[in-house]
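Structure record follows, encoded as structure tokens.
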2 protein chains.
Amino acid sequence: MEAVLVSGIAYDKDQARVTLRDLPDVPGVAAAVFGPLSEKGVLVDMIVQNTSLDGHTDITFTITRKDLPQTLEIMTEVARKTGASEVMHDVSVAKVSAIGVGMRNHSGVAARAFAALTQEGINILMISTSEIKITILIQEKYVELAVRILHDTFGLDWDIG
Amino acid sequence: MEAVLVSGIAYDKDQARVTLRDLPDVPGVAAAVFGPLSEKGVLVDMIVQNTSLDGHTDITFTITRKDLPQTLEIMTEVARKTGASEVMHDVSVAKVSAIGVGMRNHSGVAARAFAALTQEGINILMISTSEIKITILIQEKYVELAVRILHDTFGLDWDIG
Ligand SMILES: C[C@@H](O)[C@H](N)C(=O)O
Ligand SMILES: C[C@@H](O)[C@H](N)C(=O)O
């Protein structure tokens with residue numbers, strides 16, 4: 001099936017990543033993290049939580065950079081209440097996404113996107129997917145290169161205008 | 001802004017979760033995980049990788065249950081090649097998603113969805129989001145309850161036909 005797998009590449013440089021480490025994996029913790037952010041009107045973009053280990057797991061989310069100072073203040077309190085071991089953040093990150101309606105049936109898209117970034121020595125910091133999109137967090141300094149490489153990999157015209 | 005935040009709730013019970021623990025956080029590892037799956041035609045649904053710690057991180061992905069035996073065979077070899085400490089899996093999981101085009105501007109949707117699941121004692125096993133969707137992995141036995149609760153929370157009619 002030669003159908004077009006990826007129809008576009010998107011990116012967003014205005015990203016700051018915030019990670020809460022070693023949260024207890026019990027009901028109520030995720031709500032305790034995002035409730036206060038929503039009350040204060042902080043726009044959350046990516047949210048990633050992976051499988052827990054020994055009853056603990058990390059939650060990471062991304063926000064716009066202007067919201068970082070307020071978010072870190074809120075998270076200091078949240079970490080105290082939930083028992084997270086630390087709050088980490090990183091502003092030198094950017095989000096790159098490969099978008100394609102037929103993607104669900106082609107796990108090859110992920111493999112090709114990851115292999116393309118690898119060939120340029122671009123480390124994948126975080127991954128999140130939906131049925132039609134693969135979103136990767138990388139270091140901001142690589143975003144133009146990553147966008148160009150992914151356009152080439154999937155045969156798309158590009159203009160980083 | 002009272003616009004409709006969530007327009008639909010989706011779910012999928014045919015999910016098996018596979019986690020590779022303690023992968024080295026260096027370029028090439030994600031491609032080494034998904035390359036062999038794509039070569040063997042295994043359909044990968046969710047992919048989640050969170051922030052690394054001390055140079056290592058976990059990668060989790062979901063597949064359909066029929067693909068689990070073959071996937072575990074492939075992952076045993078991948079774990080050996082990449083240096084992952086173990087391969088874990090769980091077939092008693094299900095995916096639930098809240099979908100809404102306006103969601104990007106309302107981190108409150110995540111907080112409300114998580115709080116609603118919490119009130120029913122449903123533990124959130126994994127989280128992945130896109131601009132218009134929040135996807136949560138839960139234990140399969142709670143999927144009907146979760147779908148009903150989320151419909152109620154966002155004021156949607158529902159019919160688990
Ligand atoms: C870690 C967090 O997601 C927890 N499992 C919860 O349900 O809130
Ligand atoms: C862990 C894995 O994603 C690694 N960072 C890579 O780029 O392949």
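First the proteins, then the strands, lettered A, B, ... as listed; each starts at 1.
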Proximity breakdown for Ile122(A) and chain B, heavy-atom pairs closer than 4.5 Å
backbone
Contacting region of Ser130(A) [heavy-atom separation from chain B under 4.5 Å]:
side chain
Among Phe34(A), Phe114(A), Phe61(A), who wins on heavy-atom pairs under 4.5 Å with chain B?
Phe114(A)
Do Leu23(A) and Leu72(A) land in one hydrophobic cluster if side-chain heavy atoms of ILVMFWY residues count as linked below 4.5 Å?
yes
Between Arg21(A) and chain B, with a heavy-atom cut-off of 4.5 Å, which part of the residue counts as in contact: side chain, backbone, both or neither?
side chain
So do Thr57(B) and Met126(A) actually touch side chain to side chain, heavy atoms under 4.5 Å?
no
Verify the cluster assignment for Leu125(A) and Val91(A): are they in a single hydrophobic cluster under the rule of side-chain heavy atoms below 4.5 Å apart?
no
Between Ile136(B) and chain A, which part of the residue has a heavy atom less than 4.5 Å away: side chain, backbone, both or neither?
neither
If you count heavy-atom pairs within less than 4.5 Å of chain A, which of Gly35(B), Ala111(B), Ala32(B) leads?
Ala111(B)
Applying side-chain contact (heavy atoms from CB on, under 4.5 Å) to Glu131(B) and Asp45(A), what does each step give before you reach the verdict?
CA-CA 7 Å; Glu131(B) 277 75 1; Asp45(A) 185 6; 4.2 Å; yes
Under 4.5 Å, counting heavy-atom pairs only, tell me which of Thr60(A), Thr118(A), Thr129(A) racks up the most with chain B.
Thr129(A)
For Lys95(B), which atoms come within 4.5 Å of any heavy atom of chain A: side chain, backbone, both, or neither?
side chain
Measure distances from Thr19(B) to the heavy atoms of chain A and classify the residue's part below 4.5 Å as side chain, backbone, both or neither.
side chain
If you tally heavy-atom pairs under 4.5 Å between each of Thr135(B), Asp25(B), Leu117(B) and chain A, the highest tally belongs to Asp25(B)
Residue among Leu37(A), Leu53(A), Val29(A) with most heavy-atom pairs under 4.5 Å to chain B:
Leu53(A)
Pick from Ala113(A), Ser52(A), Ser97(A) with the largest number of heavy-atom pairs that fall under 4.5 Å of chain B:
Ser52(A)
Less than 4.5 Å to any heavy atom of chain A: does that hold for the side chain of Val33(B), its backbone, both, or neither?
neither
According to a hydrophobic-cluster definition based on side-chain heavy atoms being under 4.5 Å apart (Ile, Leu, Val, Met, Phe, Trp, Tyr only), do Ile149(A) and Ile9(A) belong together?
yes
Max heavy-atom pair count under 4.5 Å with chain B, selected residue of Ile132(A), Ile59(A), Asp58(A), Asn50(A)
Asn50(A)
Please answer: with hydrophobic residues joined when any side-chain heavy atoms are less than 4.5 Å apart, are Phe154(A) and Ile47(B) in the same cluster?
yes
Donor-acceptor pair, distance only, cut-off 3.5 Å: does the side chain of Ser128(B) make one with the backbone of Ser128(A)?
no
So which part of Val26(B) gets closer than 4.5 Å to some heavy atom of chain A, the side chain, the backbone, both or neither?
backbone
Side chain from CB out, backbone as N, CA, C, O: work out which of these in Arg17(B) comes under 4.5 Å of a heavy atom of chain A, or both, or neither.
side chain
Group every Ile, Leu, Val, Met, Phe, Trp and Tyr by side-chain heavy-atom contacts under 4.5 Å, then state whether Val93(B) and Tyr11(B) land in the same group.
no
